[in-house]
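For reference, the structure discussed in these notes is given below.
Note that the coordinates shown come from a computational prediction; the quantities given were computed from them, not determined experimentally.
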Amino acid sequence: MPELAEVEFFRKQWPCSRSRVILAVEATGRRIFRGVEVAALQRALTGAALLESKTHGKQMLFRFSGNAWLGVHLGMSGKLHARPNQPADKHDHLVLRRKDQDLVYTDPRMFGRILFEISPRAPVWWTRLPAPVLSREFTLARVSDFLARHGRAPLKAVLLLQAGFPGIGNWMADEILWQARLHPRRRAGSLKAAEQRRLHTVTRSICRVALRTIGKNWSDPPSRWLIHRRWRPGGHCPREGAALRHDTVGGRTTCLCPVCQKPGKKA
């Protein structure tokens, strides 16, 4: 599933342009548009221009002229891309046709979702999202409170909760816990104050670097990161050299180092 940095990369694939209006809108796949009046979306976006876009965790928001707002969640396999005009493929569920260029949302598994609203200001479903990881509001106090409220759950599962850590998915959660030297099965409420500070700092750092690399041009994050070894056969910890282990935590496959991520112990 695309995570914070991948979502930022895909957002930029739809270039904004006040001078290039949408000439036609093609929409297929009822599951993608659940809760949306597709005909109203097509009427509103035809003749409109894409003015700006932004991301929030795993969510994207596109603002069009005419007070039209399009929300996109990529789900498991969705992606956005722009291409020269051509007939839609079977997995192209939203195609915004501009002169010489199509803006396309493709999703083979159809776990993603499109939201739509006409409003003079950003929709409530956007403004009520939790504080982004790199915002001022994502404070240590907020993280500590969230960990306490989910105190009996394993850390890996808590990091995947979008209400507290928007944009964090499976590989980023593994990376955060490895860099913070915290075991995925530690109960969230068991972290000492110093461990909470480390988790907060590492989370923000990883998101910042991921956005500068993957989010910018799909380039690789630093070579010493766990991501480069987590699925490699016979992979070893970049820090300790120990053989990496795999486990299932919170229903998700998890990679960890048994040497530097000890359960219930300080790093």
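- At distances below 3.5 Å, not a single donor-acceptor pair connects side-chain atoms of D102 with backbone N or O atoms of R97.
- Heavy-atom minimum distance, A210 versus A5: O-CB, 3.4 Å.
- Side-chain contact between L41 and L70 is present, with heavy atoms from C-beta onward closer than 4.5 Å.
- Here the two rings, on H81 and W14, have centers that are 6.0 Å apart or farther.
- Counting all heavy atoms, side chain and backbone alike, H183 lies closest to Q261 at CD2-O, 2.9 Å.
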For this session: Could you go through the side-chain contact (heavy atoms from CB on, under 4.5 Å) check for V72 and Q59 one step at a time?
Result: CA-CA 6 Å; V72 178; Q59 314 279 342; over 6 Å; no
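- A donor-acceptor pair is defined here as one N or O able to donate and one able to accept, closer than 3.5 Å; such a pair exists between the side chain of S65 and the backbone of A49.
- In this structure, R30 places its CZ atom where only 12 or fewer heavy-atom neighbours from other residues, nucleotides or ligands lie under 6.0 Å away.
- The distance from atom OG1 of T28 to atom NE2 of H91, rounded to the nearest 0.5 Å, is 10.5 Å.
- Scanning for side chain to side chain donor-acceptor pair (under 3.5 Å) contacts around W171 gives E6, with sequence neighbours left out.
- Between P15 and Q101 the shortest side-chain heavy-atom distance falls below 4.5 Å.
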Problem set entry | Step-by-step side-chain contact (heavy atoms from CB on, under 4.5 Å) determination, L61 to S53 | CA-CA 6 Å; L61 183 68; S53 64; over 6 Å; no
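- Here R212 does not pair with E8 in a salt bridge; the nearest charged N to carboxylate O distance is not below 4.0 Å.
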Problem set entry | Working for side-chain contact (heavy atoms from CB on, under 4.5 Å), residues L103 and V95 | CA-CA 6 Å; L103 307 181; V95 181; over 6 Å; no
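- Within a 6.0 Å sphere centred on NZ of K79, heavy atoms belonging to other residues, nucleotides or ligands number 12 at most.
- With hydrogens and angles ignored, the 3.5 Å screen pairs a side-chain donor or acceptor of H228 with a backbone N or O of P221.
- Linking Ile, Leu, Val, Met, Phe, Trp and Tyr whenever their side-chain heavy atoms come within less than 4.5 Å puts M172 and F10 in one cluster.
- Because its NZ or CZ atom is not both nearer than 6.0 Å to the ring centre of W178 and within 45° of the ring axis, R229 does not count as a cation-pi partner of that residue.
- Closest approach of P166 to P132, counting heavy atoms only: CG-CA, 4.1 Å.
- The main-chain N or O of T201 is never found under 3.5 Å from a side-chain atom of S205 such that the two would form a donor-acceptor pair.
- A 4.5 Å side-chain heavy-atom check between L182 and L191 finds at least one atom pair inside the cut-off.
- R98 approaches I22 most closely through the heavy-atom pair CG-CD1, 3.7 Å.
- Classified by interplanar angle (parallel below 30°, tilted 30° to 60°, perpendicular above 60°), the ring pair H56/W126 is perpendicular.
- Within the 3.5 Å criterion, the main-chain N or O of A131 finds no donor-acceptor partner in the side chain of S135.
- F165 and L160 are members of different hydrophobic clusters when ILVMFWY side chains are connected at heavy-atom separations under 4.5 Å.
- With H93 contributing its side chain and D107 its backbone, the two residues share a donor-acceptor pair below 3.5 Å.
- Contact between P154 and P184 at its shortest, heavy atoms only, is CB-O, 3.5 Å.
- The two residues R186 and E195 have their closest heavy-atom pair at NH2-OE1, 3.0 Å.
- Here the straight-line distance linking atom SG of C207 with atom CD of E3 works out to 9.5 Å at 0.5 Å rounding.
- More than 12 heavy atoms of other residues, nucleotides or ligands lie within 6.0 Å of CZ in R34, so this atom counts as buried by the packing criterion.
- Aromatic rings from H73 and F111 are positioned such that their centres are separated by 6.0 Å or more.
- Within the structure, salt bridge (charged side-chain N to carboxylate O under 4.0 Å, His left out) contacts touching residues 164-180 (residues at least two apart or in different chains) are K156-D174, D174-R230.
- Both F33 and M60 belong to a common hydrophobic cluster when Ile, Leu, Val, Met, Phe, Trp and Tyr are linked at side-chain heavy-atom distances under 4.5 angstrom.
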Exercise. So L134 and L211, side-chain contact (heavy atoms from CB on, under 4.5 Å) or not? Walk me through it.
Worked result: CA-CA 10 Å; L134 294 180; L211 286 170; 3.6 Å; yes
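- A donor-acceptor pair under 3.5 Å is formed between the side chain of S219 and the backbone N or O of T213.
- We find the CG-CG distance between D100 and N85 to be 6.0 Å, quoted to the nearest 0.5 Å.
- A salt bridge links D92 to R83: at least one charged side-chain nitrogen sits closer than 4.0 Å to a carboxylate oxygen.
- Ring centroids of F116 and W125 are separated by 6.0 Å or more, keeping the two rings apart.
- In summary, the side chains of N67 and S119 do not present any donor paired with an acceptor at a separation below 3.5 Å, with no hydrogens or angles considered.
- Placement of L45 and V36 within a single hydrophobic cluster is found when ILVMFWY residues are connected by side-chain heavy-atom separations under 4.5 Å, directly or transitively.
- Not one N or O on the side chain of R63 forms a donor-acceptor pair closer than 3.5 Å with the backbone of L51.
- Side-chain polar atoms of T55 and R11 form no donor-acceptor pair below 3.5 angstrom.
- Using a distance-only test at 3.5 Å, with no hydrogens or angles considered, a donor-acceptor pair links the side chain of Q162 to the main chain of G167.
- By the 6.0 Å contact criterion, CZ on R149 is enclosed, its count of non-hydrogen atoms from other residues, nucleotides or ligands being greater than 12.
- The structure places OG1 of T203 at 4.0 Å from CD1 of I176, a figure rounded to the nearest 0.5 Å.
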Exercise. Given T254 and D247, is the side chain to side chain donor-acceptor pair (under 3.5 Å) satisfied, shown in steps?
Worked result: CA-CA 5 Å; T254 300; D247 194 2; over 6 Å; no
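- Atom CG of L74 is separated from atom CZ of R113 by 14.0 Å, given to the nearest 0.5 angstrom.
- Looking at S17, its side chain does come within 3.5 Å of a backbone N or O of R20 through a donor-acceptor pair.
- A continuous path of hydrophobic side-chain contacts links V202 to L4 [ILVMFWY only; heavy atoms under 4.5 Å].
- Considering CD of Q196 and CG of D145, their distance stands at 10.0 Å, rounded to 0.5 Å.
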